[in-house]
Amino acid sequence: MAKANYFIRVIHKGREKDYFDFWRRNSTTNAAGEQLNADLVGFEVTQSGNDADDAIASVRRKHAGLQIDTQSVRVDEAA
């Protein structure tokens, strides 16, 4: 079976609340009044894997200590 590519969002350390406020609550600013954007709260990694769990495990090893938004993982349909 061929591996697929997955898009996995990784959350910057210390930005967990901002990340979920930005992506889930559609907040544009945090409690300190800072403008939130996708790059500020996290980044997206493209990772190949046999399945989503395999790809997530690879990203966890590469970015140890950072939280991953497992609910937003997407498969690359074009690959």
**Asked** How many angstroms lie between OH in Y6 and OG1 in T46, if you round to the nearest 0.5 Å?
**Response** 13.0 Å

**Message:** What's the separation between atom CD in E44 and atom CG in D39, rounded to the nearest 0.5 Å?
**Reply:** 10.5 Å

**Request:** Dump the intermediate steps for side chain to side chain contact (heavy atoms under 4.5 Å, CB included) on R60 and T70, then the final yes or no.
**Result:** CA-CA 11 Å; R60 283 191 198 282; T70 58; 3.6 Å; yes

Looking at every non-hydrogen atom in both residues, tell me the closest pair between [X] and [Y] and how far apart they are.
| X | Y | result |
| --- | --- | --- |
| A55 | Q47 | O-CG, 3.5 Å |
| L36 | S27 | CD1-O, 4.0 Å |
| V75 | A4 | CG2-CB, 3.9 Å |
| V45 | V59 | CG1-CG2, 4.1 Å |
| A52 | V73 | CB-CG1, 4.3 Å |

**Asked** Mind checking whether D69 and R24 have side chains closer than 4.5 Å, heavy atoms only?
**Response** yes

**Item:** Within-4.5 Å side-chain heavy-atom neighbours: L40 and D18
**Value:** no

**Message:** If hydrophobic clusters are built by linking Ile, Leu, Val, Met, Phe, Trp and Tyr wherever their side-chain heavy atoms come under 4.5 Å apart, do I11 and I8 end up in the same one?
**Reply:** no

**Prompt:** Checking ring pair (Phe, Tyr, Trp, His ring centres under 6.0 Å) for the pair F43/H12: CA distance, chi angles, key distance, verdict?
**Reply:** CA-CA 7 Å; F43 57 97; H12 288 302; 5.3 Å; yes

**side chain to side chain contact (heavy atoms under 4.5 Å, CB included) between R9 and V41, worked out** = CA-CA 10 Å; R9 288 186 185 157; V41 299; over 6 Å; no

**Request:** Give the intermediate values and the outcome of side chain to side chain contact (heavy atoms under 4.5 Å, CB included) for residues K17 and N30.
**Result:** CA-CA 9 Å; K17 181 175 181 344; N30 63 13; over 6 Å; no

**Prompt:** Does the side chain to side chain contact (heavy atoms under 4.5 Å, CB included) test come out yes or no for Q67 and F20, once each step is laid out?
**Reply:** CA-CA 11 Å; Q67 187 173 344; F20 288 103; 3.7 Å; yes

